[in-house]
There are 2 protein chains.
Amino acid sequence: MSSGNAELPLCSSNVVHKEIVVRVREEMPREESLYDLAELFKVFGDTTRVKILYALFAAEMCVCDIAVLLNMSQSAISHQLRVLKQARLVKFRRQGKVVYYSLNDEHVKQIFDQGLTHINELI
Amino acid sequence: MSSGNAELPLCSSNVVHKEIVVRVREEMPREESLYDLAELFKVFGDTTRVKILYALFAAEMCVCDIAVLLNMSQSAISHQLRVLKQARLVKFRRQGKVVYYSLNDEHVKQIFDQGLTHINELI
DNA sequence: ATAATACATGAACATATATTCATATGAGCA
DNA sequence: TGCTCATATGAATATATGTTCATGTATTAT
């Protein structure tokens, strides 16, 4: 068996730069990694969650603190914390009736700061 | 006029750590920055767009190349390229009937790689 | 045990968004 | 001009997602 580039499903057009497509295909990360990456950014792609994470950059906070800070309902915050929990971006500890949330990851702040840098350079 | 922390809208509960909320509020970036940041990540939060960007990391490509590479319709790719264009993440040049797209930003790869690092450390 | 509190969660609803389909635009060529 | 091709785009549809509302659960206090 020869190469693995026999299956170019063809666009309607014939302007396919085959060598480029084949080479890029080889250089691309695995499908699963790209999917996971998009899922991670999807979590970052909501204002409420971005705000929560920035808040937790500064301090550990309980659910009610965050709700007051962002002027949103406790339920809305709780739902979003759930998303952040599932993405393993935050951790929590229970102290009596109060649940305190904090960051679980070092990279997030770096990713965010680089995002802000990008935005600022667009001005 | 004194401080600007008179307006704590109060959660249903009374467990509000006022000093923390006030301090975090001061440390948070501007509302607009956080909104823009979420918008940027929203663009990254789609598998198709992530794939397109990774493809363009490797080479400049025309629309048809990308469609073949990702095994998707030309229209779908074109719509997503529009989103990436609006976010100023890609640029393009026209050569005859063919339009070639390439990256317009240095940060994106760094942000993506840090995202992948995060994902890999979760294993 | 009962009540109160801090948080979690399921269902419903409204909104956003990704793809498809049909068609428009714009460039090269006969 | 008329035709073909590469790409862009508007409308429609299906799906995903964020918030609210109502309620469940776990912990503390009486």
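Per chain, numbering begins at 1; letters A, B, ... match sequence-line order.
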Report task. Compare all side-chain heavy atoms of B/Glu121 with those of A/Asp105 and state whether any distance is below 4.5 angstrom. Result ->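 The answer is no; the side chains never approach within 4.5 Å.
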Residue-phosphate contact under 4.0 Å: [X] side-chain N/O, [N] OP1/OP2:
X        : N      : answer
A/Arg94  : C/dA6  : no
A/Ser73  : D/dT19 : no
B/Tyr101 : D/dA6  : no

Query raised in the report: With no angle test and no hydrogens, is the base of D/dA8 tied to the side chain of B/Gln74 by a donor-acceptor pair under 3.5 Å?
Result: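 Per atom types, the contact qualifies.
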**Report entry** Side chain B/Ser75 and base C/dC21 donor-acceptor under 3.5 Å
**Finding:**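 Pair found.
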Report task. Return the 5'-most residue of the pair A/Lys97, A/Gly45 with respect to DNA chain D, ranking by each residue's nearest nucleotide. Result ->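 Comparing both residues, the 5'-ward one is A/Gly45.
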Query raised in the report: Do A/Glu27 and A/Arg23 meet the salt-bridge criterion of a basic N to acidic O distance under 4.0 Å?
Result: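 Salt bridge: yes.
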Query raised in the report: In terms of side-chain geometry, is the basic nitrogen of A/Lys42 or A/Glu39 positioned less than 4.0 Å from the acidic oxygen of its partner?
Result: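 Salt bridge present between A/Lys42 and A/Glu39.
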In whole Å, what is the span from the [atom1] atom of [X] to the [atom2] atom of [N]?
X       : N      : atom1 : atom2 : result
B/Glu39 : C/dA16 : CD    : C1'   : 11 Å
B/Lys42 : D/dG18 : NZ    : C1'   : 10 Å
B/Arg49 : C/dA16 : CZ    : P     : 15 Å
B/Phe41 : D/dT17 : CZ    : P     : 18 Å
B/Asp46 : D/dT17 : CG    : C1'   : 14 Å
B/Gln95 : D/dT7  : CD    : P     : 11 Å

Report task. Specify whether B/His107 and A/His118 have parallel, tilted or perpendicular ring planes, treating 30° as the upper limit for parallel and 60° as the lower limit for perpendicular. Result ->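 If you compare the ring of B/His107 with that of A/His118, the planes turn out perpendicular.
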Requested in this report: Establish, yes or no, whether a centroid distance under 6.0 Å links the rings of B/Phe44 and A/Phe44.
Outcome: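 No, the ring centres sit 6.0 Å or more apart.
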Query - Positions of residues 77-93 of chain A (non-hydrogen atom under 4.0 Å from DNA chain D), listed by number - result: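 The answer is A/His79, A/Gln80.
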Query - Shortest non-hydrogen separation from A/Leu103 to A/Lys91 and the atoms involved - result: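 That would be O-NZ, 2.9 Å.
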